[in-house]
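This report refers to the structure that appears directly beneath it.
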Amino acid sequence: MRIGELARATGTTARALRHYEQAGLISSKRASNGYRIYDGPAVVRVRNIRCLLDAGLTLDDVRVFLPCLDGDVAAAPPSDRGLRVALERLAVLNERIAAQTEARDRLERALQEKAADRFRPTSRDSCVGPSHSPVDARG
């Protein structure tokens, strides 16, 4: 299948596929006209790559899982190295979330201090409609 077909089949872009290929995660053959041609199992491999990336792993992290990218990644028992990579990535994500939470809290406190008469805390569950605006737009 050509790159556009693989992109459609996996819900990704041709650009992302070229990036995965450059990173060594997928491979293709070249047709006589220079087009990339992928085999059928590439669909499963790309879907697994997307699943791991969506879970917060990086392309470098995904390389650790190369031996099982052609099967059911979610059902396969993790290797010690794979588990270590996933735990390290989880720690990084937790640090980022904590930093973002601190930044949000600082901004919320600053708004309460500087614009208390115009500030209404937003619901963390919903930000729809003008009643949830943190600062009155009339200024």
Side-chain angles (χ1 to χ4, degrees):
M1 83 181 62
R2 293 192 353 206
I3 195 166
E5 295 167 318
L6 181 58
R8 281 188 295 283
T10 57
T12 191
T13 64
R15 182 177 180 186
L17 294 173
R18 286 189 290 274
H19 189 66
Y20 301 160
E21 190 168 349
Q22 185 178 8
L25 298 175
I26 61 174
S27 62
S28 66
K29 295 182 179 169
R30 295 291 181 144
S32 59
N33 59 6
Y35 290 171
R36 286 177 168 88
I37 303 295
Y38 297 91
D39 60 9
V43 172
V44 171
R45 178 171 279 252
V46 170
R47 286 183 179 155
N48 281 328
I49 292 167
R50 294 296 318 151
C51 179
L52 293 169
L53 293 173
D54 289 345
L57 299 181
T58 66
L59 286 179
D60 285 337
D61 296 337
V62 172
R63 278 192 193 90
V64 172
F65 297 90
L66 276 174
C68 56
L69 286 179
D70 294 325
D72 188 352
V73 170
S79 66
D80 288 344
R81 187 170 175 221
L83 188 57
R84 191 171 42 256
V85 164
L87 289 170
E88 288 169 2
R89 185 59 47 206
L90 180 61
V92 168
L93 291 171
N94 282 333
E95 289 171 11
R96 289 179 183 167
I97 290 168
Q100 290 295 306
T101 300
E102 288 176 28
R104 183 207 56 220
D105 292 347
R106 282 192 304 273
L107 178 59
E108 189 171 64
R109 281 191 303 274
L111 285 169
Q112 287 173 342
E113 291 170 10
K114 304 294 182 188
D117 59 325
R118 296 182 288 163
F119 177 73
R120 284 173 286 182
T122 61
S123 166
R124 292 215 171 34
D125 297 327
S126 173
C127 57
V128 178
S131 64
H132 294 288
S133 298
V135 177
D136 190 329
R138 291 173 285 173

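Heavy-atom basis, side chains included; hydrogens, waters and symmetry copies ignored.
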**Prompt:** Who pairs with Arg47 by side chain to side chain donor-acceptor pair (under 3.5 Å), at least two apart in sequence or on another chain?
**Reply:** none
**Prompt:** Where do Ala7 and Ala14 come nearest, in terms of heavy atoms and distance?
**Reply:** CB-N, 3.8 Å
Are there over 12 heavy-atom neighbours, none belonging to [X], within less than 6.0 Å of that residue's [atom1]?
| X | atom1 | answer |
| --- | --- | --- |
| Arg15 | CZ | no |
| Asp80 | CG | no |
| Arg63 | CZ | yes |

**Prompt:** With sequence neighbours excluded, what pairs up with Asp72 under the salt bridge (charged side-chain N to carboxylate O under 4.0 Å, His left out) test?
**Reply:** none
**Item:** With sequence neighbours excluded, residues passing salt bridge (charged side-chain N to carboxylate O under 4.0 Å, His left out) with Arg18
**Value:** none
**Item:** Nonpolar side-chain network containing Val43, other nodes, edges under 4.5 Å
**Value:** Met1, Ile3, Leu6, Leu17, Tyr20, Leu25, Ile26, Tyr38, Val46, Ile49, Leu52, Leu53, Leu57, Leu59, Val62, Val64, Phe65, Leu66, Leu69, Val73, Val85
**Message:** Assess the residue pair Arg104 and Thr101 against the criterion (side-chain contact (heavy atoms from CB on, under 4.5 Å)); give the C-alpha distance rounded to whole Å, side-chain angles, the decisive distance to 0.1 Å, and a yes or no.
**Reply:** CA-CA 5 Å; Arg104 183 207 56 220; Thr101 300; 3.4 Å; yes
**Message:** Rounded to the nearest 0.5 Å, what separates atom CD1 in Ile37 from atom OG in Ser27?
**Reply:** 12.5 Å
**Request:** Check side chain to side chain contact (heavy atoms under 4.5 Å, CB included) between Asp70 and all other residues, then give those that pass, not counting sequence neighbours.
**Result:** Arg45
**Request:** State whether a side-chain donor-acceptor pair under 3.5 Å links Glu21 with Ser28.
**Result:** yes
Result block: side-chain N/O donor-acceptor pairs under 3.5 angstrom for residues 86-93, not counting sequence neighbours:
residue : atom : partner : partner atom : Å
Arg89   : NE   : Asp61   : OD2          : 2.6
Arg89   : NH2  : Asp61   : OD1          : 3.4
Arg89   : NH2  : Asp61   : OD2          : 3.1

**Message:** For Arg2, is there any backbone N or O sitting under 3.5 Å from a side-chain donor or acceptor partner on Glu5?
**Reply:** yes
